[in-house]
Amino acid sequence: MKTLIASATIVALLIGCDKKTDPPPSATLGAAVANADDKKVEPAKAVAPSAPAYNGPAISNEKNFLGLTLPPQGHWKPKYDADAKVAKWEDDDYFTGIVIRIVDDKLDTIDDLKEAAPMMMQLGTAVTKVIEEKKTDKGWYAIVEREKDQDLVYVRKFGKTTVCSALISKSFGKTISKAEALKACEAYSPNTKG
């Protein structure tokens, strides 16, 4: 019996000790309010606005000329290759043309272009050197070197990303100049007639 009374006393003391260590509910609420006052609340960080969504005519690999208008550029005449899904300018005096393609790659920066280059139809190999890079009011372009070739690559967005490119280093026949390539790559636009 003494053992039972001693055990009950110990249990009662332990229970009593637990109750003494827990603050009453009103004290807990007061402490939480006091702690909240001590902590500085950071205002929500402003998120940079994204570029406005393109709201013009849709371009697509399923449309003639990709849904783009390509005005003639002097002797350069617009052509469409439905099988390769490219729009381009060709001139019989040149071995290569100025080619436009719709791509799924992000291509917001030169680093994006370097990463995508080996898999891109227009480049097909790694970029070994960036010779020039420039943002314009129509997008951005870079002159890049890959192996022994130099290409002008112009990235423009019309809801979808377009890449206009031209081989501007010496090739077979005449060489496309940077000025010719830039003029053509800035000349195309979505076809407003559908």
Side-chain angles (χ1 to χ4, degrees), residues 54 56-194:
Y54 176 74
I59 62 172
S60 167
N61 278 323
E62 307 311 314
K63 292 184 177 182
N64 192 30
F65 279 91
L66 309 177
L68 298 168
T69 299
L70 278 70
Q73 300 294 308
H75 293 284
W76 293 93
K77 303 299 179 215
K79 302 280 181 186
Y80 178 61
D81 185 336
D83 294 329
K85 298 192 185 222
V86 297
K88 58 186 172 179
W89 286 274
E90 290 184 343
D91 184 327
D92 292 338
D93 292 339
Y94 294 81
F95 182 70
T96 61
I98 302 168
V99 180
I100 303 168
R101 188 173 190 79
I102 296 173
V103 298
D104 292 328
D105 302 298
K106 187 173 124 186
L107 301 184
D108 290 332
T109 67
I110 192 67
D111 290 331
D112 295 337
L113 179 64
K114 286 179 182 178
E115 185 177 328
M119 301 305 290
M120 292 176 70
M121 183 203 121
Q122 288 147 294
L123 296 176
T125 58
V127 170
T128 56
K129 184 178 181 183
V130 177
I131 297 164
E132 180 181 345
E133 180 185 359
K134 184 174 181 183
K135 290 186 188 256
T136 72
D137 60 340
K138 295 187 183 259
W140 68 275
Y141 73 87
I143 296 174
V144 297
E145 193 170 278
R146 54 185 179 87
E147 295 175 356
K148 296 180 182 177
D149 294 324
Q150 288 183 6
D151 297 273
L152 180 132
V153 180
Y154 206 127
V155 178
R156 297 181 61 196
K157 297 190 180 193
F158 303 100
K160 294 183 179 177
T161 302
T162 62
V163 174
C164 180
S165 65
L167 179 66
I168 60 171
S169 60
K170 187 68 177 161
S171 62
F172 301 104
K174 291 174 79 174
T175 302
I176 300 171
S177 72
K178 173 185 168 185
E180 287 174 302
L182 280 174
K183 184 177 177 191
C185 289
E186 290 189 335
Y188 67 92
S189 59
N191 187 340
T192 58
K193 295 177 186 172

Could you tell me the separation between the [atom1] atom of [X] and the [atom2] atom of [Y], rounded to the nearest 0.5 Å?
X: Lys114; Y: Asp112; atom1: NZ; atom2: CG; result: 11.0 Å
X: Ile176; Y: Asp93; atom1: CD1; atom2: CG; result: 11.5 Å
X: Lys88; Y: Leu70; atom1: NZ; atom2: CG; result: 11.5 Å
X: Asp151; Y: Ile131; atom1: CG; atom2: CD1; result: 9.5 Å
X: Ile98; Y: Leu182; atom1: CD1; atom2: CG; result: 9.5 Å
X: Glu133; Y: Ile110; atom1: CD; atom2: CD1; result: 5.0 Å

Sub-4.5 Å side-chain heavy-atom contact between [X] and [Y]:
X: Asn64; Y: Asn191; answer: no
X: Lys174; Y: Asp91; answer: no
X: Lys178; Y: Ile143; answer: yes
X: Tyr188; Y: Tyr154; answer: no

query: When you look at Val163 and Met121, which way does the side chain to side chain contact (heavy atoms under 4.5 Å, CB included) test go after all the steps?
result: CA-CA 10 Å; Val163 174; Met121 183 203 121; over 6 Å; no

query: Yes or no on side chain to side chain contact (heavy atoms under 4.5 Å, CB included) for Trp140 and Leu113, after CA distance, side-chain angles and deciding distance?
result: CA-CA 11 Å; Trp140 68 275; Leu113 179 64; 4.0 Å; yes

Looking only at heavy atoms, which two atoms of [X] and [Y] are closest? And how far apart?
X: Ala58; Y: Lys63; value: O-NZ, 2.9 Å
X: Leu66; Y: Ala87; value: CD1-N, 3.9 Å
X: Asp149; Y: Ser169; value: CA-OG, 3.4 Å
X: Tyr80; Y: Asn61; value: OH-O, 3.8 Å
X: Pro72; Y: Pro78; value: CA-CD, 4.0 Å
X: Cys164; Y: Trp89; value: SG-CZ3, 4.4 Å

Is [X] reaching over with its side chain to a backbone N or O of [Y], donor-acceptor style, under 3.5 angstrom?
X: Arg146; Y: Leu123; value: yes
X: Glu147; Y: Thr125; value: no
X: Gln73; Y: Pro71; value: yes
X: Arg156; Y: Ser189; value: no
X: Trp76; Y: Gly97; value: no
X: Glu90; Y: Lys79; value: no
X: Tyr141; Y: Glu132; value: no
X: Lys77; Y: Gly74; value: yes
X: Thr128; Y: Glu145; value: yes
X: Asp105; Y: Leu107; value: no

message: One pair to check against side chain to side chain contact (heavy atoms under 4.5 Å, CB included): His75 and Tyr94. What are the steps and the verdict?
response: CA-CA 10 Å; His75 293 284; Tyr94 294 81; over 6 Å; no

